[in-house]
There are 4 protein chains.
Amino acid sequence: MRADARRNRARILAAAEEVFTAKGSGASTEEVARLAGVGIGTVFRHFPTKEDLLKAIVTASVLRLAEQTQTLLAEGEPQEAFFAFFAGMVEQAAGKKAIVDLLGDAAADLDSANPVNAWRQAIEALLSRAQRFGGVRDDIGPPEVLAVLLGTCQAALSVGWDDALQERVLTIVFDGLRPR
Amino acid sequence: MRADARRNRARILAAAEEVFTAKGSGASTEEVARLAGVGIGTVFRHFPTKEDLLKAIVTASVLRLAEQTQTLLAEGEPQEAFFAFFAGMVEQAAGKKAIVDLLGDAAADLDSANPVNAWRQAIEALLSRAQRFGGVRDDIGPPEVLAVLLGTCQAALSVGWDDALQERVLTIVFDGLRPR
Amino acid sequence: MRADARRNRARILAAAEEVFTAKGSGASTEEVARLAGVGIGTVFRHFPTKEDLLKAIVTASVLRLAEQTQTLLAEGEPQEAFFAFFAGMVEQAAGKKAIVDLLGDAAADLDSANPVNAWRQAIEALLSRAQRFGGVRDDIGPPEVLAVLLGTCQAALSVGWDDALQERVLTIVFDGLRPR
Amino acid sequence: MRADARRNRARILAAAEEVFTAKGSGASTEEVARLAGVGIGTVFRHFPTKEDLLKAIVTASVLRLAEQTQTLLAEGEPQEAFFAFFAGMVEQAAGKKAIVDLLGDAAADLDSANPVNAWRQAIEALLSRAQRFGGVRDDIGPPEVLAVLLGTCQAALSVGWDDALQERVLTIVFDGLRPR
DNA sequence: GATGAATGAGAGTTCATTCAT
DNA sequence: CATGAATGAACTCTCATTCAT
């Protein structure tokens, strides 16, 4: 791939994230092209379908998340790393309707080539370690955590959502996740 | 209103609920008309705008919910009525993406003519009664409950969702909502 | 025809004149029905086609005009009667786009059953009498007068039209119509 | 702009002028597309709104007119240049209902970016020059001229209009515009 | 005769996708 | 490889007209 092509790809991804994040996945591909400063044809050359483009920005998001998780895993305090990750994700979700929606769809796809797997595995690692150290109750597994996590991310998209509400909601959810 | 008009209105609402539930609120009004067995013009006579139609099915849903709540309020066991309502709502949410989405939007609209208000008030009643009887922690109010409730409804739309998962997720959420 | 039917016919005509006059002939028949206080079906029973309804209000207008002309013909001052009629028609034209437009169409229709004929004949009478008495130049006939009259009515629909402008425009036109 | 785009733009304008001229401004955009030999989307790419398309053909007309006026202004015989322009405009109006209608609307719009201004200014120049040389009566200004001009153009749309009638009508109008 | 609900063709407009330049 | 003009199906919405009530 030529240098300019790679540069264009990155600009398209950034533009798509901004546009779809702001206006939902119903925004037009042409607007993405305009923001990226490329022709519409260039967008379709890199992502043959609008859906491909949407998937790509989810993938990018997920990879960033998985990376953050690595840092948390490497650090101490295993009981709290899990909660820190959870809170961080909810924090980032606010205002990104399109991405949260798509992430939900992607999480369901068990295809082994799915980049979401990296993210899922990171969560599993955080979870099992936190459980081993008594930070999280023992009677739940990854599916419950994923469901509660994504549900809370969706909640973060509500209109009245702010830092104070976020804190209280997380208190509820975290109390539910801790051992009794 | 003539008998046939009322019949058609009901058929259109039923069709709209089915179509939008299955395909999301992006589905076409024409498909609703086809499923209802009426002309497209008839749909627009009853609901002058697509948005009106969407609002109407949310309203219908919400009124059904508010009605169910009345029953729960009238019964004994105030501490558990709240949780029964919560569980019931999550139960019904599964598979109704469009409605849950719209409900989230509607919940934010504080317009006093909003039919969602009936539902919100019912929740507040259930909540405060449950708190008075020690069934729910005291340090939270309606906004947190609404957020957690809608978030859990969203979670119920996940692909892997089934009765077992629902039970475990509700266990987590309910433990978080109960006094420590 | 039953009494209520006749009453309805009159109310529909009045409503149609008001609606089409205000919003142009593109206004919907349903609005006419609403203003007339009858069902849409009743409108179509009396006037099987929208076009029929439009024709009917032009006919009514034209008959009123022809009647006014009779009065002018009966009175003295033959040289000025013509100009009085001309000015009166322009006066009435202001703000009645739909009717002036339709009148133009109707005037072209030479069908002998056309009610516009009564109006045309009245104009011819006024014109020839005024010419005989030296009030109007001799080298013109009804077609020129009709054209200038309708043109001036159209001009009266312009946005800036007011009484002062009307007077000055009529001065120009009347000077052109008088013998040199 | 690419060569094919410019070619298409021109073909669309030509088609629009023909279609709207023949059938009035109520004709469908689709018909314009068909006549131009392009897809409906192409029409909307060039003119995002039907109104834009209508404005464009009026603008084109008006620019043509303003250009012609320059020639007349440059030539001698100031008293007759005004009448030549007037006659020329009426001549061209015949059969172009949509354009005359829209021109009337546009003339009312005093927005300084309005291309009609070029035309209005040209008329004012012709008029004041003709008045200075005694070709046109002194007691009238641009508004009266505009009204009479547009009114006569409307008259030129009548069904019976032909060269002979046009000549006689212009004789009337011009006599009215000349000093007594 | 009156009503107004139902109809469906057709309007303007948008947008993912293709392909000539 | 990049461009952006062209495409046309699909969408929401309107309205003259019909017909069951």
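The sequence lines fix the lettering, A, B, ..., with proteins before strands; numbering per chain opens at 1.
Taking a cutoff of 4.0 Å between a charged side-chain nitrogen and a carboxylate oxygen, D/Arg45 and A/Glu30 qualify as a salt bridge. Checked for salt-bridge contact, C/Glu17 and C/Arg11 miss the test: no charged N lies under 4.0 Å from a carboxylate O.
When each of A/Gly41 and C/Glu51 is assigned the nucleotide of DNA chain F with its nearest heavy atom, A/Gly41 is the one assigned upstream, toward the 5' end. Place B/Thr42 and B/Glu30 on DNA chain E by their nearest nucleotides, and B/Thr42 ends up nearer the 5' end. Summary of the strand contacts: B/Gly37 and C/Asp4 both lie near DNA chain E, and taking for each the nucleotide with the nearest heavy atom, the more 5' one is attributed to C/Asp4.
In this structure, D/Ile40 places its CD1 atom 15 Å from P of E/dG10, rounding to the nearest Å. If you measure from atom CZ of D/Phe44 to atom C1' of F/dT7, you get 14 Å, rounded to the nearest angstrom. Counting to the nearest Å, the C1' atom of E/dG4 and the CZ atom of B/Arg9 are 16 Å from each other. Rounded to whole Å, the distance from CD on D/Glu31 to C1' on F/dG8 is 18 Å. Taking atom CZ of A/Arg34 as the reference point, atom P of F/dA5 lies 12 Å away to the nearest angstrom. One interatomic measurement links the two molecules: CZ of C/Arg7 to P of E/dG1, which rounds to 14 Å at whole-angstrom precision. The interatomic distance linking B/Lys50 (NZ) with F/dT14 (C1') rounds to 18 Å, in whole Å. Remark: P of E/dA20 and CG of D/Asn8 are 14 Å apart, rounded to the nearest angstrom.
Not one side-chain nitrogen or oxygen of A/His46 sits closer than 4.0 Å to the OP1 or OP2 atom of F/dC1. One finds a side-chain N or O of B/Arg45 lying less than 4.0 angstrom from the OP1 or OP2 phosphate oxygen of E/dA5. For F/dA16, the OP1/OP2 oxygens have a side-chain nitrogen or oxygen of C/Thr29 closer than 4.0 Å.
Nucleic acid contact for C/Ala27: sugar-phosphate only, since backbone atoms but no base atoms lie under 4.0 Å from a heavy atom of the residue.
Atom-to-atom distance recorded for A/Phe47:CZ and A/Lys55:NZ is 12.5 Å, nearest 0.5 angstrom. Taking CD1 of B/Ile57 as the reference point, atom CD1 of B/Ile99 lies at 5.0 Å (rounded to 0.5 Å).
As the counterpart of E/dA20, F/dT3 is assigned, both hydrogen-bonding distances of the Watson-Crick or G-U wobble pattern falling under 3.5 Å. Under the Watson-Crick or G-U wobble criterion, with both distances below 3.5 Å, E/dA9 is paired with F/dT14.
With F/dA6, E/dT17, E/dT14 as the choices, the nucleotide that has an atom nearest any side-chain atom of A/Thr49 turns out to be E/dT17.
Between D/Trp119 and D/Leu63, every side-chain heavy-atom pair lies at or beyond the 4.5 Å cut-off.
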